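Given the structure is predicted, the values throughout are model-derived calculations rather than measurements.
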Amino acid sequence: MIISDVKHFEQERHLWPAAVARGIDYILNRNLGELEIGRYDLEGDNGHLMYANVQESVTRPREEQMPESHVVYTDIQFLVSGEERLCFYKLTDEAIIVDNKFETHDIAFYESQHALPETDIMLKPGMFAVCFPSDIHRPNCLITESTTNKKIVIKIHKDLLHL
C-alpha cells in the first residue's frame, strides 16, 4: 500500500510505478474531482486498462463495511472532500472469503471478524491510498461521525503494473 498526499506528489512520483503516477496525473490534470458521479475511461479500449470512478458515499462504522480485495485491478482511492478511515491488512491464508465475485466483478469480500490486525489510515481531502491486490481494504469507514465523501477511485489493470 502507498499512502500519500498530492502535496508530496512531485517529490515522490519517481518512487511509484509509472501507472500509479499517471493515475494521480489524471486526477490532477483532468480535474476529475469536478466531474459528475460516474465512470470515466482513461486508458485502453473502453477504459479496460485504467478508468476512474467518481463516487459519493456516506461513511459508516467499521463493523458495517466489508473488507475487500481485487485480483485484476489496483485501486488509487483519492479523497476529494469529506474524511474517511480506510482500514487495511495484508492478504494471508487466514483471510476468509465470504463473497467471491472475482470472476464477475474483480472483488471479493472477507469475513469481518478476523484475528488479523488492521491498520487505520485517516484520509483527508488531497490524500490517497494505493491498494494493491495483496492489500485487503475496508473503505468508507467513519472517523468520528458519518460524513458524505466525494472520492475518485482509479482502477489500474495489472498489465500496466508489470515491471
Side-chain angles (χ1 to χ4, degrees), residues 1-4 15-27 30 32-33 35-80 82 84-123 127-142 146 148-163:
M1 176 168 280
I2 298 170
I3 300 132
S4 193
L15 302 170
W16 306 334
V20 170
R22 285 197 315 277
I24 299 298
D25 273 330
Y26 286 131
I27 291 169
R30 292 193 182 181
L32 294 179
L35 296 177
E36 296 295 320
I37 306 307
R39 177 184 161 138
Y40 297 89
D41 297 340
L42 301 173
E43 294 184 16
D45 295 333
N46 299 317
H48 81 282
L49 290 176
M50 189 184 304
Y51 62 93
N53 284 325
V54 178
Q55 307 170 342
E56 269 189 9
S57 60
V58 176
T59 58
R60 301 185 318 188
R62 168 196 313 245
E63 301 76 28
E64 295 178 17
Q65 296 294 101
M66 296 285 294
E68 63 184 62
S69 75
H70 314 285
V71 292
V72 176
Y73 288 93
T74 289
D75 286 356
I76 301 175
Q77 302 223 358
F78 180 91
L79 199 61
V80 176
E84 131 179 12
R85 178 189 314 262
L86 175 72
C87 310
F88 81 98
Y89 55 97
K90 294 309 260 183
L91 183 61
T92 67
D93 291 338
E94 290 86 29
I96 299 170
I97 293 176
V98 295
D99 189 6
N100 186 338
K101 295 183 180 177
F102 282 140
E103 296 280 327
T104 58
H105 293 90
D106 188 43
I107 194 166
F109 296 98
Y110 294 81
E111 187 176 87
S112 286
Q113 305 303 321
H114 55 76
L116 301 171
E118 286 182 309
T119 300
D120 292 356
I121 306 301
M122 307 305 180
L123 294 179
M127 294 181 70
F128 58 92
V130 180
C131 303
F132 295 98
S134 62
D135 297 319
I136 296 177
H137 52 287
R138 189 190 306 245
N140 301 320
C141 297
L142 61 83
S146 187
T148 299
N149 291 347
K150 187 169 187 182
K151 181 194 281 191
I152 300 165
V153 179
I154 301 284
K155 305 292 274 185
I156 302 171
H157 193 280
K158 63 184 178 182
D159 289 348
L160 292 180
L161 294 170
H162 289 289
L163 300 176

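- Y73 approaches H48 most closely through the heavy-atom pair OH-O, 2.5 Å.
- Shown here is K101, whose NZ atom has no more than 12 heavy atoms of other residues, nucleotides or ligands within 6.0 Å.
- Atom CE of M122 is separated from atom CE of M127 by 10.0 Å, given to the nearest 0.5 angstrom.
- Summarising the geometry of F102 relative to S69, their closest heavy-atom pair is CE2-O, 3.5 Å, with the distance given to 0.1 Å.
- Put simply, CD on Q55 and CG on N140 are 7.0 Å apart, with the number rounded to the nearest 0.5 Å.
- From L42, atom CG reaches atom CD1 of I154 across 5.0 Å, with rounding to the nearest 0.5 Å.
- Using a 4.0 Å cut-off between charged nitrogen and carboxylate oxygen, D106 and K155 do not count as a salt-bridge pair.
- Rounding to the nearest 0.5 angstrom, the gap separating the CE atom in M1 from the CZ atom in F132 is 9.0 Å.
- The shortest heavy-atom contact between M50 and L160 is CE-CD1, 3.9 Å.
- Put simply, SG on C141 and CD1 on I121 are 12.0 Å apart, with the number rounded to the nearest 0.5 Å.
- Using a distance-only test at 3.5 Å, with no hydrogens or angles considered, a donor-acceptor pair links the side chain of R85 to the main chain of L142.
- Of all non-hydrogen atoms in D135 and H137, the two that sit nearest each other are O-ND1, 3.1 Å.
- Under the 3.5 Å distance criterion, the side-chain polar atoms of K151 are left unmatched by any main-chain donor or acceptor of S57.
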